[in-house]
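Following: one structure in structure tokens, then a few remarks.
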Amino acid sequence: MSKSESGDTGTAPSNFIRTIIEKDIAADKHQGRVLTRFPPEPNGYLHIGHAKSICLNFGVAADYNGLCNLRFDDTNPEKESVEYMDAIKADVEWLGFKWAEQRHASDYFQQLYDYAVQLVQAGKAYVDSSSAEEMREMRGSLTEPGVESPYRNRSPEENLRLLEGMKNGDFEEGEHVLRAKIDMASGNINMRDPTLYRIRKTHHFRTGDAWNIYPMYDYTHCLSDSIEGITHSLCTLEFEDHRPLYDWVLDTLQTPCHPQQIEFARLSLEYTVLSKRKLIQLVEQQFVSGWDDPRMPTITGLRRRGYTPAAIRDFCDRIGITKNDAWIEMAVLETCVRDDLNATSERRLAVLDPIKLVVTDMAESETLNLDFSNHPQRPELGTRQMLFSREIYIDRDDFSENPPPKYQRLIPGGEVRLRGCYVIKCEKVIKDDQGKVIELHCSHDPATLGKKPEGRKVKGVIHWVSAEHSVEAEVRLYEPLFTQPNPAASENFEEVINPDSLQVLVNSRVEASLANSEPEARYQFERTGYFVVDRVDSKPGRPVFNRTVTLRDTWSK
RNA sequence: UGGGCCGUCGCCAAGCGGUUAAGGCACCGGGUUUUGAUCCCGGCAUUCGGAGGUUCGAAUCCUCCCGGCCCAGCCA
């Protein structure tokens, strides 16, 4: 059945991987079973590119009545840690996915070693005592074949003895490696006797000091997939050249299950970077405050920014799965959050950059209790009350002495609607010594509460809060971290980093109902965007809001 | 001129020999609206990187050409 016209069914659109899986199911391959895996190395934080892979692997499993494992590819103990592992698990769960089983490549170290012994005994692998540099020289180049190592024809007995010695810690790091005996003249460099094991006398966060040798990715991944009974091993395009080796290992060892590796294009998103190296650089060189900085494309950063799991999943569905080197525009991601937040967020009034406004024809003590709908399209979300009083704040952007054409906010002598309240008219502008506007004096039309003004049209509506009945808040506004769509193309961050990616407003005023907002509560501040209560810095009585995304703006900036 | 892969609207992307070449984003109108939001309605590829060929019929098959991406870790 085609998935292409599935709108809100939650099913992703058709793609070439789903086509393959549907054919496999129809042909009863793997008894019609579908088992995928998401296989991160626990050496860093997950980002939006990983989300693409997560949504694919878990999504495909769910849609074909299958399962998905979470497998940590922990074969390089020098870079890996339990902290990274825990962070990855938290992110996958937050995204809304449940793995069938948590596995680790390190669970299979003994089996992997036993398989290696089999390869040695079959004459398909050998211990090479060349140095790393020698091996590199003998590997040849992209256009020239390699040459065979002088150690290539050691006897299986000698290889076995040396491999055991490597395992037992009899040799130092770098003295030997175990290599597959394939073809030093292959056009595919991965097939020129790839390294299977290297000596590393490093403590592993799970296996401790039990092992002195650690298996390489190419050897480990296919066997881990096979051991788990994975049916479809989905990975990114740069592993296409590794597939012959994946298949060689499984065929040579005649394993019972031979999963199919299928490659798809990794995500590229405009105005950000997604390579681990670049992300680390942003953190270490302190261009951002950490992995969870709201400007980061990490899952934890997006979370702190106010993105929802549903929005990220929707994004992954919208961008599709192909083998094209696609660049996705930020607008797609932003549309996904707006869609979700528009439907789910309660509305509030907040003045980001306040100017005081005095309604001079109102008594000092007079207040007005007004009912506001929490959502214009969802009455079931209820209402809240807000006090209107003589002194209020409006946003600096909503007043102009020299308005551009079609400006429909407050101007000297002009009228504007206060959201949910009266139409007011600007009678007087008060400035400080520098000519900066510090206060506006206005009159109000008492007949305009809940009614259109008589005999004239007032187009503009602006938001406001009562001076006395609002609370102070910190508001953080964001722009892209980079000034270029493809910042990774530049060698030097300084050239492409956006110096204005963060703007902190410490004197914002928000309506009283927001004083003690829960961390991660999300709201639409009418006319200014969607905001989330910062889950790190917000305190009761002194809330901190991060702007997730602005409202769509057909006016202009 | 070593091996592998990719090219359908500004950005994604369906399409799998016979369709008026889906859909989303973006953009451009118009309507509703006390958020310049939302919502609604309309517009937006005679053409599928190019040239040949096969076929009654080609984005889909073949050939060549052009453009782009990946690979020489004892990383994953």
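Atom set for the values below is all heavy atoms of this structure, side chains included, hydrogens, waters and symmetry mates excluded. Chain identifiers are assigned alphabetically (A, B, ...) following the order of the sequence lines, protein sequences preceding nucleic acid strands; residue numbering begins at 1 within each chain.
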May I have the list of side-chain donor-acceptor pairs in residues 265-275 of chain A shorter than 3.5 Å, sequence neighbours left out?
{"residue": "A/Arg266", "atom": "NH1", "partner": "A/Glu238", "partner atom": "OE2", "Å": "2.6"}
{"residue": "A/Ser275", "atom": "OG", "partner": "A/Lys278", "partner atom": "N", "Å": "3.1"}

Checklist outcome for this item: Within residues 172-181 of chain A, those residues having any heavy atom closer than 4.0 Å to RNA chain B are A/Gly174, A/Val177

Checklist entry - Does a nitrogen or oxygen in the side chain of A/Asn324 sit under 4.0 Å from OP1 or OP2 of B/G7? => result yes

Checklist entry - Distance check: side-chain N/O of A/Arg527 vs OP1/OP2 of B/U34, anything under 4.0 Å? => result no

Checklist entry - Among the nucleotides B/U38, B/G2, B/U34, which one has an atom lying closest to any side-chain atom of A/Arg419? => result B/U34

Checklist entry - Nearest to the side chain of A/Leu142, which nucleotide is it out of B/C75, B/G2, B/C12? => result B/G2

Checklist entry - Under 3.5 Å, is there a donor-acceptor pair between the side chain of A/Lys181 and the main chain of A/Arg152? => result yes

Checklist entry - Going by the angle between their ring planes, with limits at 30° and 60°, are A/Tyr45 and A/Trp291 parallel, tilted or perpendicular? => result parallel

I'd like to know if [X] reaches the base of [N] with its side chain such that a donor and an acceptor end up less than 3.5 angstrom apart.
X: A/Arg243; N: B/G4; value: no
X: A/Asp553; N: B/G36; value: no
X: A/Arg347; N: B/U35; value: yes

Checklist entry - If you look at every strand shown and take non-hydrogen atoms under 4.0 Å, does A/Arg136 touch a base, only sugar-phosphate, or nothing? => result sugar-phosphate

Checklist entry - Is B/G73 syn or is it anti, if syn means the base angle is within 90 degrees of 0? => result syn

Checklist entry - Distance between the C1' atoms of B/C71 and B/A14, in whole angstroms? => result 31 Å

Checklist entry - Within 45° of the ring axis of A/Tyr113 and under 6.0 Å from its six-membered ring centre, is that where the NZ or CZ of A/Lys167 lies? => result yes

Checklist entry - Stacking between A/Tyr217 and the base of B/A76 (centre distance under 5.5 Å, interplanar angle under 30°)? => result no

